[in-house]
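Take a look at the structure below.
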Number of protein chains: 2
Amino acid sequence: MAKLKKTKCAADLRARILRQELAPGCDLDEVSLAAEYGISRTPLREVFHRLAAEGYIRIEENRGGKVASMDFPVLRVFFQTAPLVYSSIARQAAENRTSVQVAGLKDTQLAFTKAARAGDAAQSGLLNHAFHEQIGEMAQNPYLFAALMRMLIDHTRLGQTFFAPQSSEDQARVKKAIEQHDAMISAIEAQEPSLAIDLTLQHWELSRDQLEKFVRPDPLPIDVISMKDRPRAV
Amino acid sequence: MAKLKKTKCAADLRARILRQELAPGCDLDEVSLAAEYGISRTPLREVFHRLAAEGYIRIEENRGGKVASMDFPVLRVFFQTAPLVYSSIARQAAENRTSVQVAGLKDTQLAFTKAARAGDAAQSGLLNHAFHEQIGEMAQNPYLFAALMRMLIDHTRLGQTFFAPQSSEDQARVKKAIEQHDAMISAIEAQEPSLAIDLTLQHWELSRDQLEKFVRPDPLPIDVISMKDRPRAV
DNA sequence: TTGACTCACTTTGTATACATTTATTATACA
DNA sequence: TGTATAATAAATGTATACAAAGTGAGTCAA
């Protein structure tokens with residue numbers, strides 16, 4: 001019972017960080033968080049140290065925990081590394097998945113689909129995260145899994161806008177993402193590594209286009225006059 | 001001062017696990033370890049949670065910390081994954097290294113060479129670990145770095161015998177490893193990624209041959225008579 | 001002898017109190 | 001008014017005390 005509160009606290013903190021409810025760099029107050037989760041500072045601090053080693057937060061000497069930042073240089077590396085890690089994981093997931101794991105993945109995909117169609121951005125992001133984490137578990141590769149989890153922290157935080165469709169284009173993208181997930185499940189279930197890799201890379205391309213737009217948004221229009229012709233451009 | 005004891009405790013525990021002084025699966029008693037490091041159980045447990053998330057130990061509900069095991073299925077994955085991670089790290093290290101980091105790497109290599117030539121197996125293993133960790137830091141890739149660190153935990157533990165040369169063959173291998181390190185430093189310093197990758201893969205081959213011998217040792221001789229002809233075969 | 005149960009003992013988990021460090025405010029002085 | 005410094009408040013880090021769970025020896029009944 002008591003231990004449940006601790007794991008729940010850790011899980012909730014992770015979720016809040018992934019949802020950017022706790023923004024990068026945000027200061028984490030021990031006393032208020034401990035009160036919030038109904039535990040004392042001792043177990044909370046143990047959670048902090050766990051999250052620090054997982055890459056969610058960093059702990060500074062005598063000034064407590066802060067949400068891990070997302071500096072620009074790292075983002076560049078993120079885009080460089082994602083295809084390698086995601087495709088390697090996909091390959092091994094297709095090779096090593098168990099049928100129980102496939103069933104679990106389908107459950108997650110079902111929940112994800114519902115949330116995405118309902119336009120619940122926060123929940124979609126978390127379920128998308130869970131989806132890819134589950135594929136990571138299928139790979140049975142603790143080494144790459146560690147890399148994957150760190151990628152997903154940043155990926156989910158960056159993609160927070162992804163599942164909040166505004167334009168009809170956005171909605172089409174979300175629909176495509178759902179379909180890609182379904183295809184990935186099939187490839188993994190059929191144990192076809194090379195197909196799983198292809199689908200994963202396509203999925204990454206879709207996500208990357210959106211993320212890059214977020215990181216490097218369209219510049220504001222220079223010619224003010226022409227704005228009249230496309231009033232919703234911004 | 002007090003915080004130093006904590007980081008020292010964490011570093012020492014890591015080293016003891018890497019040296020297999022604390023064997024895989026070994027139980028970690030909180031009170032005795034706390035006493036040993038001159039700290040109370042509270043900070044020690046925080047260290048435990050850190051090490052758990054780093055993959056050095058695992059913490060079981062109500063029965064404390066145990067050194068992470070090295071099960072056989074994972075070893076298979078280890079050999080599969082090492083070339084990918086090590087070579088990717090090497091590439092980016094050559095691309096992104098700073099001169100300060102190169103200087104640090106040379107220092108480590110110097111200490112490593114001394115320890116290896118002196119036949120100090122434990123120290124050699126740790127310094128070899130530090131050498132490859134420093135290359136990991138040069139890569140400036142937190143995602144792959146996480147994978148690397150997990151690989152090195154198992155690599156260093158497995159290779160514990162590597163730097164305890166018994167036969168003259170073993171001594172030749174250690175000498176070759178030292179030379180390969182030097183060549184890797186040069187490639188990284190010269191910022192030649194493809195060369196760094198080649199050298200890293202060669203280095204891995206050398207290590208792999210030795211490790212596989214450790215994991216899958218030569219079978220005991222079946223023909224007892226022939227033993228007389230090669231008394232040091234076992 | 002075996003098996004289950006009890007009770008003492010050991011170990012882990014949590015809360016609280018205290019020490020130490022950092023942040024903030026107030027005050028003095030230029 | 002602005003800066004430096006002292007005093008105060010707030011937050012983090014650690015130790016200790018207590019609660020809860022696990023472990024094991026010993027006992028007794030079948």
Side-chain angles (χ1 to χ4, degrees), chain A residues 1-17 20-71 153, chain B residues 1-17 20-71 153:
Chain A
M1 178 62 194
K3 193 62 168 293
L4 280 184
K5 278 200 275 190
K6 208 163 103 173
T7 51
K8 203 142 204 305
C9 160
D12 190 60
L13 281 176
R14 288 193 197 95
R16 287 167 78 172
I17 292 170
Q20 300 234 34
E21 183 187 321
L22 295 172
C26 172
D27 212 284
L28 299 171
D29 184 51
E30 294 182 1
V31 287
S32 58
L33 283 174
E36 187 174 335
Y37 291 108
I39 57 180
S40 75
R41 282 177 53 227
T42 306
L44 178 70
R45 283 171 59 86
E46 291 177 355
V47 169
F48 271 26
H49 283 271
R50 253 227 150 71
L51 296 186
E54 289 174 6
Y56 283 88
I57 70 176
R58 69 177 193 284
I59 297 176
E60 286 174 35
E61 189 86 356
N62 286 321
R63 64 190 60 170
K66 302 201 193 318
V67 176
S69 58
M70 286 194 294
D71 19 39
I153 292 174
Chain B
M1 177 64 193
K3 194 60 168 295
L4 281 185
K5 279 200 275 189
K6 208 163 103 174
T7 50
K8 205 146 203 302
C9 161
D12 191 61
L13 281 177
R14 288 194 196 93
R16 287 167 78 172
I17 291 170
Q20 300 234 33
E21 182 186 321
L22 294 171
C26 171
D27 213 285
L28 300 171
D29 184 50
E30 294 181 1
V31 286
S32 57
L33 283 174
E36 187 174 335
Y37 291 108
I39 57 180
S40 74
R41 283 177 52 228
T42 306
L44 178 69
R45 283 171 59 86
E46 292 176 355
V47 169
F48 271 26
H49 282 271
R50 253 228 153 70
L51 297 186
E54 289 174 5
Y56 284 89
I57 71 176
R58 70 177 192 285
I59 296 176
E60 286 174 34
E61 188 87 357
N62 286 321
R63 65 190 58 170
K66 301 200 194 320
V67 176
S69 58
M70 287 194 294
D71 21 36
I153 292 174

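The chains referred to below are lettered A, B, ... by the order of the sequence lines, with proteins before strands, and numbering in each begins at 1. Please read all numbers here as calculations on a predicted model, not as lab measurements.
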Heavy atoms only: give me the nearest [X]-[Y] pair and the separation to one decimal.
| X | Y | result |
| --- | --- | --- |
| B:Gly55 | B:Ala68 | O-CB, 3.4 Å |
| A:Lys66 | A:Gly25 | CD-O, 3.9 Å |
| A:Gly38 | A:Lys5 | O-NZ, 3.2 Å |
| A:Ile153 | A:Glu54 | CD1-O, 3.5 Å |
| A:Pro24 | A:Ser69 | CB-CA, 3.9 Å |
| A:Ile39 | A:Cys9 | CD1-SG, 4.2 Å |

Under 3.5 Å between N/O atoms: give me all the protein pairs with nucleotides 16-20 of chain C, atom names plus distance.
from	atom 1	to	atom 2	distance (Å)
C:dT16	O4	A:Thr42	OG1	3.2

My understanding is that only one of A:Glu46, A:His49, A:Arg45 makes a side chain to side chain donor-acceptor pair (under 3.5 Å) with B:His49; could you say which? A:Glu46
Could you walk me through whether B:Tyr37 and B:Val47 satisfy the side-chain contact (heavy atoms from CB on, under 4.5 Å) test, starting with their C-alpha distance in whole Å, then the side-chain angles of each, then the deciding distance to 0.1 Å, before giving a yes or no? CA-CA 12 Å; B:Tyr37 291 108; B:Val47 169; over 6 Å; no
Passes side-chain contact (heavy atoms from CB on, under 4.5 Å), A:Lys6 versus A:Arg50? Steps please. CA-CA 11 Å; A:Lys6 208 163 103 173; A:Arg50 253 227 150 71; over 6 Å; no
Identify, residue by residue, the members of residues 26-35 of chain B with a heavy atom below 4.0 Å from DNA chain C, and return them in order of residue number, or none. B:Leu28, B:Asp29, B:Glu30
Residues from residues 46-67 of chain B sitting under 4.0 Å of DNA chain C, heavy atoms only? B:Glu60, B:Asn62, B:Arg63, B:Gly64
Sorted by chain and number, sequence neighbours left out, salt bridge (charged side-chain N to carboxylate O under 4.0 Å, His left out) with A:Arg58 holds for A:Glu60
With B:Glu36 via salt bridge (charged side-chain N to carboxylate O under 4.0 Å, His left out) - residues at least two apart: B:Arg16
Whole-Å gap separating P (D:dA15) and CZ (B:Arg45): 15 Å
Atom-pair distance (CD1 on A:Ile39; C1' on C:dA15), nearest Å: 11 Å
Mind checking which stems touch DNA chain C? I mean at least 3 consecutive Watson-Crick or G-U pairs, both distances under 3.5 Å. C:1-30 with D:1-30
Please state whether the phosphate of C:dG13, meaning OP1 or OP2, lies under 4.0 angstrom from any side-chain nitrogen or oxygen of A:Lys6. no
Decide yes or no on side-chain contact (heavy atoms from CB on, under 4.5 Å) for B:Ile59 and B:Phe48, but give the supporting numbers first. CA-CA 8 Å; B:Ile59 296 176; B:Phe48 271 26; 4.0 Å; yes
Report the distance from atom CG of A:Leu33 to atom CG of A:Asp12, rounding to the nearest 0.5 Å. 9.5 Å
